[in-house]
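Notes follow once the structure below has been shown.
Below, chain A is the first sequence line, B the second, and so on; all start at residue 1.
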There are 2 protein chains.
Amino acid sequence: MATSMALRVGKVDRILDALGDSTRRRIIRLLSTRPMSVSDLAKPLGITVTAVTQHLRILQSCALLTSRKNGRVRMCSLDASGFETLEHWVSECRTSWERRLDRLGGILDEDDT
Amino acid sequence: MATSMALRVGKVDRILDALGDSTRRRIIRLLSTRPMSVSDLAKPLGITVTAVTQHLRILQSCALLTSRKNGRVRMCSLDASGFETLEHWVSECRTSWERRLDRLGGILDEDDT
DNA sequence: GCAATACTGAAGTTTTCACTTGACTATTTG
DNA sequence: CAAATAGTCAAGTGAAAACTTCAGTATTGC
């Protein structure tokens, strides 16, 4: 379990870097309703198709998105595998925190600022 | 369910922006083992305590981190609530994707690049 | 009380990265 | 085949943001 997390760190880093941009998150939200082409995406985003392509490359490189080119049209859709990787990491973060809290009995409560 | 997701969008955006930085992720990983002070964190990160403080503010503003000042030492520790918010969002992304895939019967498979 | 420690705040620098432009390739349609 | 459409590539620009420095405020220990 510690091993699987270590092996996934590089992946998770790239996923979180990818999701750390609001335009890429808008792309994810658009694609969560239906598959769309590059220019379909560019229109509501209000940016050039070139910019969209650059974002797609990043989302694809960390398995948050898949695409296939039919003729001259590239259709894009979400890829579950990246989200699964992320889901594992988040739940591991949370559970390791909970384990620690159980051991210590909740010493830290609030901040002061 | 759609409502709860919509209400959480602002939160999730700030969480993902926060996690979209490698130094802040290193802070999270350090704190997943034990609570640490600001200067405890600065040492392994190789940056100034000022920079750490700036990151802490961001992590705290989206409930990924809590801290409490005892005397002149601020002790930091992970906050589960931010991770829970994120976990919900990720799983909603994944399940909406799966629902769509079920309806369409898996038309898109691979990319070509 | 004085020095050292732990952190915070404001302001400046540097770097990163999102986006554009312009040129190019490949596909479709008249 | 020519024009239009869909996308890609390389290079350049601009703005956001990560980090530093320096000055300042509490707290602790001698």
- request: Could you check how far CG of L45(B) sits from C1' of dT20(D), rounded to whole Å?
  value: 15 Å
Residue list, side chain to side chain donor-acceptor pair (under 3.5 Å) with R24(A), at least two apart or on another chain: H55(A)
Straight-line distance of L16(A) CG to I15(B) CD1, nearest 0.5 Å: 11.5 Å
task: Could you summarise the pairing of DNA chain C as dot-bracket text, marking Watson-Crick and G-U pairs under 3.5 Å with ( ) or [ ] inside the strand and | across strands?
output: ||||||||||||||||||||||||||||||
field: Integer-rounded Å distance: dA18(C) P and I47(A) CD1
entry: 11 Å
task: Report the distance from atom CD1 of I58(B) to atom P of dT8(C), rounded to the nearest whole Å.
output: 14 Å
- request: Could you check how far CE of M36(A) sits from P of dG7(D), rounded to whole Å?
  value: 11 Å
- request: Would you check if S67(A) and L56(A) make a side-chain contact, meaning some heavy-atom pair closer than 4.5 Å?
  value: no
With S81(A) via side chain to side chain donor-acceptor pair (under 3.5 Å) - residues at least two apart: D79(A)
statement: Here the distance between atom P of dT8(C) and atom CZ of R74(B), to the nearest Å, is 5 Å
message: For a 4.5 angstrom cut-off between non-hydrogen side-chain atoms, does S22(A) reach D13(B)?
response: no
message: Below the 4.0 Å mark, does dA17(D) have OP1 or OP2 next to a side-chain nitrogen or oxygen of H55(B)?
response: no
field: Interatomic distance, R26(A) CZ vs dA18(C) P [rounded to whole Å]
entry: 15 Å
field: B/S/- contact track for nucleotides 21-30 of chain D, protein heavy atom under 4.0 Å
entry: BB----BS--
query: Would a 4.5 Å heavy-atom cut-off, applied to side chains only, mark S77(B) and T66(B) as touching?
result: yes
Main-chain N/O of T53(A) paired to R74(A) side chain as donor or acceptor, under 3.5 Å: no
task: Report the C-alpha separation of R26(A) and L45(A) in whole Å, then their side-chain angles, then the decisive distance to 0.1 Å, and conclude whether the side-chain contact (heavy atoms from CB on, under 4.5 Å) test is met.
output: CA-CA 8 Å; R26(A) 291 181 68 195; L45(A) 292 172; 3.6 Å; yes
task: Give a yes/no answer on whether the side chain of T53(A) brings an N or O atom under 4.0 Å of OP1 or OP2 in dT8(D).
output: yes
field: Proximity to DNA chain D (any heavy atom under 4.0 Å), residues of residues 16-25 of chain A only
entry: none
- prompt: Once you round it to whole Å, what is the distance between C1' of dT8(D) and CG of L56(A)?
  reply: 12 Å
- prompt: Given D17(B) and R25(A), is the side-chain contact (heavy atoms from CB on, under 4.5 Å) satisfied, shown in steps?
  reply: CA-CA 10 Å; D17(B) 276 329; R25(A) 289 195 296 270; 3.3 Å; yes
- prompt: Listed by chain and number, what are the side chain to side chain donor-acceptor pair (under 3.5 Å) partners of S37(B), not counting sequence neighbours?
  reply: D40(B)
message: Classify V49(A) by what it touches in the nucleic acid, base, sugar-phosphate, or nothing, heavy-atom distance under 4.0 Å.
response: base
query: Just wondering, do L86(B) and L64(B) contact through their side chains at under 4.5 Å, heavy atoms?
result: no
Interatomic distance, R57(B) CZ vs dA18(D) P [rounded to whole Å]: 12 Å
